[in-house]
There are 2 protein chains.
Amino acid sequence: MVKPSKDIFKVLSSFTEPGLQTGILEHGSLAQAKKGDVLIKEGQYLNFLPIVIKGRIRVFQEKDDREILLYYVAKGETCMMSLSSAYFDYNSKANGIAMEPTELLVLPAFVIAEWQLRYPSWNRFIIQTFKARYDDLLQAFGDVAFKPIQARIKDYLASKVTENSSKQVAISHQTLANELGTTRVVVSRILKEMELDKVLTLHRGYIELT
Amino acid sequence: MVKPSKDIFKVLSSFTEPGLQTGILEHGSLAQAKKGDVLIKEGQYLNFLPIVIKGRIRVFQEKDDREILLYYVAKGETCMMSLSSAYFDYNSKANGIAMEPTELLVLPAFVIAEWQLRYPSWNRFIIQTFKARYDDLLQAFGDVAFKPIQARIKDYLASKVTENSSKQVAISHQTLANELGTTRVVVSRILKEMELDKVLTLHRGYIELT
DNA sequence: GAATGTGTGTATCAAAAGATACACAAGGTG
DNA sequence: CACCTTGTGTATCTTTTGATACACACATTC
């Protein structure tokens, strides 16, 4: 049980109220996760709220041997599943796995509602989280409902290109399939078509957009 | 511009603080919508928050000539799109249409954030709305991503049977297709298969589960 | 370099879903 | 009744997606 230091407010810069900062230092603890660590499992009850200080968490749904991405939790953000779960005593409807070595600030569930009425910046944080996750999900929902996989692959790759400002996207076909909720063979097939259409070049382990 | 009376708190029974009630009576106004009235259009900016007092609103996404249901807004509830839009000055990502003659309490956007810090019951209302809509959407997302249409039709009809405690579900094939994001022909085909499997009987304008 | 795991290409077949077109029935309206 | 709208049944064809199977290349480890 490691206590956080004031350094975390370099990352959590939106939490400005002195009382809030004191509360975080008092009730919070720091936890580490290795790449691949399972942080949240579907069905699990959570009575704490993790906020990512460093690293990234992938949150996804699973059914049989298929997966589909919901969202990533980046530095300074928290996970919707935990928030819902901690706030309402519901269980998680998704899984969360650390993508890289990740550092978490863990807060007990009871502070969420309490601080929300007391500290405007905390309230804003909670509302922002709900809103951002809802928007993400809505976007994903529309895509799955209306777009063919080909277009979704294109979109996914395009967003990665922007995100990393590199034309080369390091991802395997299997992982891409897991992000989009389909299978490896389908992804390979479509990627090959796209290569024939000259929109990208395929390599082992990465894809190069043209 | 019709001012609301105290009667609305029969519906909005969770708003207990006297100050909140006064605020609602002061800043709110009542509006009526006829069946089929378009209340929210995709892309629209909203600077008000409507709360349903009577009736029901259908919120859905649209692309080309396809539709897919997001959720219904029932008595005492508000619409996630409006909330997001009014709270954050974003535009709506969905459409809202009155399903029946509907009465709305309309509040100006600025009250949302203000009341949220001042009145716990209002805060709870806002959070509940986010949470409930997120859950709905997550469920729908998983269904679209993983379930074949046949199963989704089954689920949809089953939920209507429960909701109305009647084995007869009054819905046309076209409307059902619009709820699920597919086309009429597909729905008719699958329903016919299901009739041959003896799980339901088809009639003009309604479907009877067995 | 043999063994193993991971990543990719591809063929074949099957199932699901969509597009288009047409027939017809039921109900309401003039 | 003639007319129009809405709802349904269904055939045909195509596209998309999925399932299974197999080959092979690259990389890592022993």
Side-chain angles (χ1 to χ4, degrees), chain A residues 35-36 62-68 99 142-157 160 168-209, chain B residues 35-36 61-68 99 140 142-157 160 168-209:
Chain A
K35 179 178 174 178
E62 201 172 15
K63 175 154 183 179
D64 301 327
D65 51 351
R66 295 270 192 91
E67 289 183 4
I68 192 162
M99 304 275 299
D143 287 355
V144 171
F146 295 130
K147 287 188 189 171
I149 297 183
Q150 157 128 20
R152 292 170 53 217
I153 291 179
K154 228 175 229 165
D155 291 351
Y156 185 91
L157 293 176
K160 288 292 167 189
Q168 303 194 347
V169 181
I171 192 169
S172 76
H173 298 184
Q174 180 62 61
T175 305
L176 187 44
N178 285 344
E179 297 285 82
L180 300 179
T182 181
T183 62
R184 200 273 304 172
V185 180
V186 171
V187 169
S188 290
R189 184 192 320 172
I190 291 174
L191 283 175
K192 182 52 73 178
E193 284 168 18
M194 292 168 83
E195 188 177 42
L196 295 177
D197 288 349
K198 312 267 183 212
V199 302
L200 48 77
T201 323
L202 296 176
H203 306 270
R204 181 186 175 85
Y206 71 98
I207 297 164
E208 190 169 9
L209 280 283
Chain B
K35 180 177 172 175
Q61 280 197 314
E62 201 172 14
K63 174 153 186 180
D64 303 324
D65 51 350
R66 293 270 192 93
E67 289 183 5
I68 191 162
M99 305 273 299
D143 287 355
V144 171
F146 295 130
K147 287 189 189 171
I149 297 183
Q150 157 128 18
R152 291 170 53 217
I153 291 179
K154 226 175 231 169
D155 291 352
Y156 185 91
L157 293 175
K160 288 292 169 189
Q168 303 194 349
V169 180
I171 193 170
S172 77
H173 298 184
Q174 180 62 60
T175 304
L176 187 44
N178 286 344
E179 297 285 82
L180 300 179
T182 182
T183 61
R184 201 273 303 171
V185 181
V186 170
V187 169
S188 289
R189 182 197 301 158
I190 291 175
L191 283 175
K192 182 52 73 177
E193 283 169 20
M194 291 169 83
E195 188 177 42
L196 295 178
D197 287 349
K198 312 271 184 208
V199 303
L200 48 75
T201 322
L202 297 175
H203 307 269
R204 183 186 175 85
Y206 70 99
I207 297 163
E208 191 168 7
L209 280 285

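When rounded to the nearest whole Å, the span between CZ of A:Phe146 and C1' of D:dT16 equals 17 Å. Per the geometry, CD belonging to B:Glu195 stands 18 Å off P belonging to D:dG7, to the nearest Å. In this structure, the CZ atom of B:Arg204 is 14 Å from the P atom of D:dT5, given to the nearest Å. Protein atom NE2 of B:His203 is 15 Å distant from nucleotide atom C1' of D:dG9, rounded to whole Å. The CD1 atom of B:Ile190 sits 9 Å away from the P atom of C:dA16 (whole-angstrom rounding). As rounded to whole Å, 15 Å separates atom P of D:dT8 from atom CE of B:Met194. Whole-Å rounding puts the A:Asp64 CG to D:dT20 C1' distance at 17 Å.
In this structure, the side chain of B:Glu195 engages the main chain of B:Leu202 through a donor-acceptor pair within 3.5 Å. Formation of a donor-acceptor pair under 3.5 Å by the B:Arg152 side chain with backbone atoms of B:Leu180 is found in this model.
Here the closest non-hydrogen pair linking A:Thr183 and A:Ala177 is C-CB, 3.4 Å. Here the closest non-hydrogen pair linking B:Ala145 and A:Ile68 is CB-CD1, 3.8 Å.
Interface residues of residues 171-183 of chain B facing DNA chain D, ordered by number: B:Ser172, B:His173; criterion, heavy-atom separation under 4.0 Å. Interface residues of residues 148-157 of chain A facing DNA chain C, ordered by number: none; criterion, heavy-atom separation under 4.0 Å.
Place A:Ala145 and A:Leu202 on DNA chain C by their nearest nucleotides, and A:Leu202 ends up nearer the 5' end. Comparing A:Val185 and A:Lys147 against DNA chain D, the residue whose closest nucleotide sits nearer the 5' end is A:Lys147.
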Is there a side chain to side chain contact (heavy atoms under 4.5 Å, CB included) between A:Glu193 and A:Gln150 once you walk through the steps?
CA-CA 10 Å; A:Glu193 284 168 18; A:Gln150 157 128 20; 3.8 Å; yes
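Here D:dT17 is the nucleotide among C:dT10, D:dA11, D:dT17 with the atom lying nearest to any side-chain atom of A:Arg189. With D:dG18, C:dA25, C:dG18 as the candidates, the nucleotide lying closest to the side chain of B:Arg66 is C:dG18.
Applying the salt bridge (Lys or Arg N to Asp or Glu O under 4.0 Å) criterion to A:Lys160, with sequence neighbours excluded, gives A:Glu163.
The CD1 atom of B:Ile207 lies 6.5 Å from the CG atom of B:Leu200; values are rounded to the nearest 0.5 Å.
OP1 or OP2 of D:dG9 has not a single side-chain nitrogen or oxygen of B:Arg184 nearer than 4.0 Å.
Residue B:Asn178 is tested with B:Arg184, B:Glu62, B:Glu67, B:His173 for a side-chain contact (heavy atoms from CB on, under 4.5 Å); the sole match is B:Glu67.
Among the protein residues, A:Leu191 comes within range of no part of the nucleic acid, since none of its heavy atoms lies under 4.0 Å from any strand.
Residues A:Thr201 and A:Leu209 are not in side-chain contact: their nearest non-hydrogen atoms beyond the backbone lie 4.5 Å or more apart.
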